K.L.:
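Pasting a structure below so you can have a look.
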Amino acid sequence: MEDQNDDSSTNLIINYLPQTLTDEEFRSLFLSVGPISSSKIVRDKATNYSYGFGFVVYERAQDAQRAIETLSGLQLQNKRIKVAHARPSGDQIKGANLYVRNLPSHWTETELNKLFQPYGKIIQSRILIDLGTGLSRRVGFVLYDTRDEAENAIKCLSGKTPEGCTEPIMIKFADDNTKKIKQQAQVQYVPIPNFAAPGPMRTQPNRFQRFNPMAGNFNGQGPGMVPNQGGYTLFVYNIGFQATDRTLWQLFSPFGTVQKVNIMLDHEKNQCKGYGFVTMTNYQEAQNAINCLNGFFFQGRVLQVSFKNQNQQQPQQQQPQMQPQQQVTLGNQ
DNA sequence: TTGAATT
């Protein structure tokens with residue numbers, strides 16, 4: 001690419017993308033902020049497996065900034081995406097990720113960072129949690145800004161026993177993820193609506209559902225579902241008074257094909273009445289959107305999302321005559 | 001043998 005006009009202010013890296021997010025969904029999401037010159041989810045060349053991150057280059061720096069402000073932290077399926085300026089790429093930032101074992105079981109990222117930050121700038125760190133028990137698996141990752149810093153940390157910390165601990169920690173460079181291929185394409189994320197595990201509470205309830213590509217059709221109807229030409233309309237309540245059609249678009253399009261969205265407006269106050277409607281093509285995708293977004297904490301409110309027809313809150317979604325809002329229609333854009 | 005932060 002020959003986009004060298006101050007790449008650092010327009011080039012964004014997006015982390016923690018859900019595995020099933022498509023390139024089109026990814027692009028649409030960021031297009032909603034402003035014109036972009038390129039977008040890409042980084043994938044394995046052979047299998048197309050998403051590594052869970054991507055890049056977006058905006059045409060204007062102010063749009064890139066706004067994307068960081070409005071989209072970072074957005075919940076997409078089972079992930080909260082992170083949007084940030086990409087660091088200038090180069091050899092020195094490669095191979096800067098460390099794998100750490102034998103961590104004290106009560107440690108969080110805070111303690112991990114405290115131990116590692118004397119040796120360099122930490123870009124990201126995490127401790128793995130056992131999903132069944134909610135307890136630490138006592139392994140984690142520390143990503144430094146540069147390879148040199150990571151090497152330095154290994155030299156200084158490897159085999160050392162941190163203060164107040166009984167065992168030495170083990171450190172090595174993390175595997176190069178771009179060389180590993182998960183052949184089993186994320187098949188088993190079974191919907192477990194009320195997976196109530198005993199033990200410590202999770203930060204996020206595990207009510208997120210993924211599609212199983214082997215069981216039915218990702219874009220089509222699930223087994224036994226009756227196709228509905230009109231689509232499935234969802235009622236979205238408590239979305240706040242600043243919400244626009246774009247808000248609904250951003251929230252729902254990651255879950256599938258959205259036919260139209262419709263924010264109900266208070267024309268006197270010229271603002272949202274606090275609710276709206278979303279029509280999705282596929283039942284399965286609509287149900288998934290409900291599972292993921294109902295009860296989701298969004299901009300200081302708890303969203304309520306349901307099928308419109310199950311609780312007959314509103315008459316018909318007739319478009320008010322004066323409605324100046326254009327409807328977002330998903331076609332081939 | 002770990003999650004997924006440099007195209």
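Residue numbers start from 1 in every chain, and the chains themselves are labelled A, B, ... in the order their sequence lines are given, proteins ahead of strands. Since this is a predicted model, take the numbers as computed values, not measurements.
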K.L.:
What's the shortest heavy-atom distance between Asp44(A) and Tyr51(A), and which atoms?
P.N.:
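Shortest heavy-atom separation between Asp44(A) and Tyr51(A) comes out as OD1-OH, 3.0 Å.
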K.L.:
With sequence neighbours excluded, what pairs up with Phe30(A) under the ring pair (Phe, Tyr, Trp, His ring centres under 6.0 Å) test?
P.N.:
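Partners of Phe30(A) under the ring pair (Phe, Tyr, Trp, His ring centres under 6.0 Å) test: Phe26(A).
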K.L.:
Go through Val258(A) and Leu248(A) one step at a time and tell me if the side chain to side chain contact (heavy atoms under 4.5 Å, CB included) criterion holds.
P.N.:
CA-CA 10 Å; Val258(A) 175; Leu248(A) 289 176; over 6 Å; no
K.L.:
Taking the minimum atom-to-atom distance to the side chain of Phe53(A), which one of dT7(B), dA5(B), dG3(B) wins?
P.N.:
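Of the candidates, dA5(B) comes closest.
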K.L.:
Distance criterion of 3.5 Å, no angle test: do you see the side chain of Lys172(A) paired donor-to-acceptor with the base of dT2(B)?
P.N.:
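Indeed, a donor on one side and an acceptor on the other fall under 3.5 Å apart.
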K.L.:
I want to verify a distance call: between dT6(B), dG3(B), dA5(B), whose nearest atom is closest to the Arg87(A) side chain?
P.N.:
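The listed nucleotide nearest to Arg87(A)'s side chain is dT6(B).
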K.L.:
Nearest whole Å is fine: how far is dA5(B) P from Arg43(A) CZ?
P.N.:
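Distance, rounded to whole Å: 15 Å.
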K.L.:
Check the orientation of Phe116(A) and Tyr144(A). Use parallel for under 30°, tilted for 30 to 60°, and perpendicular for over 60°.
P.N.:
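Plane angle between 30° and 60°, so tilted.
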K.L.:
Checking only heavy atoms, does the side chain of Asn11(A) share a donor-acceptor pair with the base of dT6(B) at less than 3.5 Å?
P.N.:
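Answer no: no donor N or O sits under 3.5 Å from an acceptor.
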K.L.:
Starting at atom CG of Asn15(A), determine the distance to atom C1' of dT7(B), rounded to an integer number of angstrom.
P.N.:
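Checked: the CG to C1' distance equals 12 Å.
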K.L.:
Name the closest nucleotide to the Phe141(A) side chain, picking from dG3(B), dA5(B), dT7(B).
P.N.:
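Closest of the options to the side chain of Phe141(A): dG3(B).
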K.L.:
With respect to the side chain of Lys82(A), which nucleotide from dG3(B), dA5(B), dT6(B) is positioned closest?
P.N.:
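Ranking dG3(B), dA5(B), dT6(B) by closest atom to the Lys82(A) side chain puts dA5(B) first.
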K.L.:
How far apart are the closest heavy atoms of Ala67(A) and Leu12(A), and which atoms are they?
P.N.:
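Scanning both residues, the minimum pair turns out to be CB-CD1, 3.8 Å.
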K.L.:
Nearest of dT6(B), dA5(B), dT2(B) to any side-chain atom of Arg137(A)?
P.N.:
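Output: dT2(B).
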K.L.:
Quick one: label Lys45(A) by what it contacts on the DNA or RNA (base, sugar-phosphate, nothing), any heavy atom closer than 4.0 Å.
P.N.:
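Nothing, no heavy atom under 4.0 Å.
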K.L.:
Once you round it to whole Å, what is the distance between P of dT7(B) and CD1 of Ile41(A)?
P.N.:
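Distance, rounded to whole Å: 16 Å.
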K.L.:
Below 4.0 angstrom, which residues in residues 109-121 of chain A have at least one non-hydrogen atom near DNA chain B?
P.N.:
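Correct list: empty, so none.
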K.L.:
Rounded to the nearest angstrom, tell me the gap between atom CG in Leu98(A) and atom P in dG3(B).
P.N.:
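Taking atom P of dG3(B) as the reference, CG of Leu98(A) is at 16 Å.
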K.L.:
Looking at the side chain of Lys94(A), which of dA5(B), dT2(B), dT7(B) is the nearest nucleotide?
P.N.:
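Side chain of Lys94(A) sits closest to dT7(B).
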K.L.:
Whole Å only: how far is the CG atom of Leu143(A) from the P atom of dT6(B)?
P.N.:
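Those two atoms, CG and P, are 7 Å apart.
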K.L.:
Roughly, in whole Å, what's the span from CD in Gln92(A) to C1' in dT6(B)?
P.N.:
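For the pair Gln92(A) CD and dT6(B) C1', the rounded distance is 10 Å.
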K.L.:
If you measure only the distance, is there a donor-acceptor pair under 3.5 Å linking the side chains of Ser28(A) and Glu25(A)?
P.N.:
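The answer is no; no qualifying pair exists.
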K.L.:
With a non-hydrogen cut-off below 4.0 angstrom, is Leu128(A) in contact with a base, only sugar-phosphate, or nothing?
P.N.:
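Touches sugar-phosphate only.
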K.L.:
dT7(B) C1' sits how many Å from Asp23(A) CG, rounded?
P.N.:
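Going from Asp23(A) (CG) to dT7(B) (C1'), I get 13 Å.
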K.L.:
Please report the distance, rounded to the nearest Å, between CG in Asp145(A) and P in dT6(B).
P.N.:
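These atoms are roughly 11 Å apart.
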K.L.:
Can you confirm if the aromatic rings of Phe235(A) and Phe277(A) lie within a centre distance of less than 6.0 Å?
P.N.:
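They qualify: ring centres under 6.0 Å apart.
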K.L.:
How close do Ser50(A) and Arg43(A) get, counting heavy atoms only, and between which atoms?
P.N.:
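Nearest heavy atoms, Ser50(A) then Arg43(A): CB-NH1, 3.7 Å.
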